[in-house]
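Accompanying notes for the structure given below.
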Amino acid sequence: MTLNPVKRSTVQAVTYEVLPITGLAYLVDDENRTWTLTRQVGGPLFDQLQPGTSCHLTLEHYLLFTIVGACDPLEPSGSHVAEASQSITSH
């Protein structure tokens, strides 16, 4: 039996932890919801994820749950972190 999503949506999220050995990455979106990304869903871009990488997540909504169906990084790895640290040190 194959389940088909009821609907799809996208959110912007920032990576806060990557566990390369287990193939998991954790991201938080603008509504402070935490999402788990697997290496299988992230594909070859998974290895480029670092804390601070911003991504567009495609969410697949089913009747009882929602999962990440795709992840597309928005900017080069680490540039978000560099901008944040510059703004902190400049004050």
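For the atom pair His56 NE2 and Cys71 SG, the distance stands at 10.5 Å (nearest 0.5 Å). Within the model, atoms CG of Leu45 and CG of Asp72 stand 7.5 Å from one another, a figure rounded to the nearest 0.5 Å.
Looking at Gln50 and Thr15, their side chains never come closer than 4.5 Å, going by heavy atoms from C-beta outward.
Sorted by first and then second residue, the side chain to side chain donor-acceptor pair (under 3.5 Å) pairs involving residues 59-70 (not counting sequence neighbours) are Ser9-His61, Glu60-Tyr62, His61-Thr66.
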Checking side chain to side chain contact (heavy atoms under 4.5 Å, CB included) for the pair Ile67/Leu59: CA distance, chi angles, key distance, verdict? CA-CA 6 Å; Ile67 61 171; Leu59 305 179; over 6 Å; no
What do the steps show when you test Leu49 against Cys55 for side chain to side chain contact (heavy atoms under 4.5 Å, CB included), and what is the final call? CA-CA 9 Å; Leu49 290 177; Cys55 301; 3.7 Å; yes
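Pairing each heavy atom of Gln48 with each of Thr53, the nearest pair is O-OG1, 4.4 Å. Here the shortest heavy-atom pairing between Gly42 and Leu37 reads N-CD1, 3.9 Å.
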Tabulate below the donor-acceptor pairs under 3.5 Å that side-chain atoms of residues 16-30 make, not counting sequence neighbours, or state none.
{"unit_1": "Thr22", "atom_1": "OG1", "unit_2": "Leu19", "atom_2": "O", "d": "3.2"}
{"unit_1": "Asp29", "atom_1": "OD1", "unit_2": "Glu31", "atom_2": "N", "d": "2.9"}
{"unit_1": "Asp29", "atom_1": "OD1", "unit_2": "Asn32", "atom_2": "N", "d": "3.1"}
{"unit_1": "Asp29", "atom_1": "OD1", "unit_2": "Arg33", "atom_2": "N", "d": "2.9"}
{"unit_1": "Asp29", "atom_1": "OD2", "unit_2": "Arg33", "atom_2": "NE", "d": "2.8"}
{"unit_1": "Asp29", "atom_1": "OD2", "unit_2": "Arg33", "atom_2": "NH2", "d": "2.9"}
{"unit_1": "Asp29", "atom_1": "OD2", "unit_2": "Trp35", "atom_2": "NE1", "d": "3.0"}

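The same ILVMFWY cluster, assembled from side-chain heavy atoms under 4.5 Å apart, contains both Val11 and Val68.
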